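Here is the structure we will look at.
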Amino acid sequence: MPELPEVQTVVNDLIASGLIGCKMTRVEVRYPRIIAEPAPAQFRRRVTGKTITAIDRRGKYIIIDLSGPIHLLVHLRMTGHLYLAETTSQRTAHDHVILHLDDGRKLRYHDPRKFGRFFLVDRSETILAKLGPEPLSKHFTAKALTLMLSKRKRMLKPLLLDQTFIAGLGNIYTDEALWKANLHPCRNSATLNGPEIKQLHRAIRYVLRWGIKNNGTSLGGGETGFNSITGRRGRNRDNLKVFRQVDLPCPRCQTPIHRLAVGQRSTFVCEKCQPLP
DNA sequence: TTTGGTGTTTCGAG
DNA sequence: CCTCGAAACACCAA
């Protein structure tokens with residue numbers, strides 16, 4: 001579910017909710033597999049009593065810095081949600097981890113498919129080092145992308161989804177960026193010329209920035225779609241040009257949008273705007 | 001009722 | 001190095 005803009009929205013909202021400075025008075029782990037490391041008992045022991053000092057994002061990871069210092073990394077995978085609940089609110093189905101705060105609120109981790117993971121580590125780099133560059137960082141320039149692409153010969157879409165190549169893109173924003181750059185998802189990454197790389201670089205940053213501006217993309221019904229911690233839905237669905245827009249006209253040329261499978265993933269394209277040479 | 005699809009990642013086989 | 005398929009799991013729409 002959540003890609004870079006959705007994760008950034010969660011981080012922004014956690015900060016806006018005044019979570020920094022809160023102390024964790026109790027930790028409940030209802031479904032132990034969510035805790036990737038360390039063992040759940042040790043996780044509870046090490047988190048209890050710690051204060052949240054900072055909240056940040058890297059790729060699709062939420063980084064919660066705790067006093068110690070120690071770092072809690074949360075990856076939401078497909079259906080993970082972090083919710084901030086008031087004192088009196090009752091736990092619902094699929095609430096797997098509950099962090100009780102010293103002001104009475106609870107930070108709950110909700111995940112029907114149970115794919116998401118918590119990592120508690122001394123150094124966040126042990127988890128994050130494998131990630132590719134942050135696409136919105138000033139270091140991610142067209143020149144940097146040119147260099148990155150020069151080392152690879154793969155289909156564009158699977159390459160952009162590869163978090164070790166570039167961090168934060170998922171199925172939605174990859175399709176949107178490729179459409180904006182007029183590039184077919186099956187193009188071989190090694191065949192892009194200078195102007196095409198520039199277009200791709202611009203498109204990636206553009207679609208991610210818009211996603212963040214709109215507080216993420218919420219698809220499907222209320223429960224299943226992306227919700228930030230207060231239950232607010234993102235408005236970026238109105239911005240999607242191709243993703244899940246089958247048979248609707250391409251906003252540029254009116255050609256109906258097609259769905260294809262690229263590397264086992266649903267992929268949406270305008271065949272006219274994104275020709276395959 | 002059953003089936004196929006889902007916004008993610010990781011792993012192993014070829 | 002790359003590609004593919006499967007697995008982790010629950011839900012929803014057709």
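Protein chains get the first letters and strands the later ones, always in sequence-line order, with residue 1 at the start of each. As the structure is a prediction and not an experimental result, all values here were calculated from the model.
Both the sub-6.0 Å distance and the 45° axial angle are satisfied by A/Arg252 relative to the ring of A/Trp179.
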Dot-bracket summary - DNA chain C, pairs being Watson-Crick or G-U whose distances fall under 3.5 Å, with | when paired to another strand: .|||||||.|||||
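A/Arg30 and A/Glu28 are joined by a salt bridge, as a carboxylate oxygen and a charged side-chain nitrogen come within less than 4.0 angstrom of each other. By the 4.0 Å N-to-carboxylate-O rule, A/Asp175 lies too far from A/Lys241 to be salt-bridged with it. The pair A/Asp162-A/Arg154 counts as a salt bridge, with a side-chain nitrogen and a carboxylate oxygen less than 4.0 angstrom apart. The existence of a salt bridge linking A/Glu134 and A/Arg58 is confirmed by a sub-4.0 Å separation between a basic side-chain nitrogen and an acidic carboxylate oxygen.
Listed pair A/Arg259 / B/dT6 meets the phosphate criterion, a side-chain N or O lying under 4.0 Å from OP1 or OP2. Residue A/His75 places no side-chain N or O under 4.0 Å from the OP1 or OP2 atom of B/dT8. The phosphate of B/dT8 has neither OP1 nor OP2 within less than 4.0 Å of any side-chain N or O from A/Gln163.
Residue A/Gln264 has its side chain nearest to C/dG5 when only C/dA10, B/dG7, C/dG5 are considered. Listed nucleotides B/dG7, B/dT8, C/dC2 differ in distance to A/Arg152; the shortest reach to its side chain belongs to C/dC2. In the set C/dT3, C/dC9, B/dT8, B/dT8 carries the atom at the smallest distance from any side-chain atom of A/Lys60. Here the side chain of A/Ser266 is nearest to one of B/dT6, C/dC9, B/dT8, namely B/dT6. Closest contact between the side chain of A/Leu219 and the listed nucleotides C/dA10, B/dT10, B/dG7 involves B/dG7. Comparing C/dC9, B/dT8, B/dG7 against the side chain of A/Arg77 picks out B/dT8 as the nearest.
To the nearest whole angstrom, the two P atoms, one in B/dT9 and one in C/dC11, are 22 Å apart.
Note: A/Phe140 and A/His201 meet the aromatic proximity criterion, with ring centroids under 6.0 Å apart.
Among the heavy atoms of the strands, none lies under 4.0 Å from A/Tyr173.
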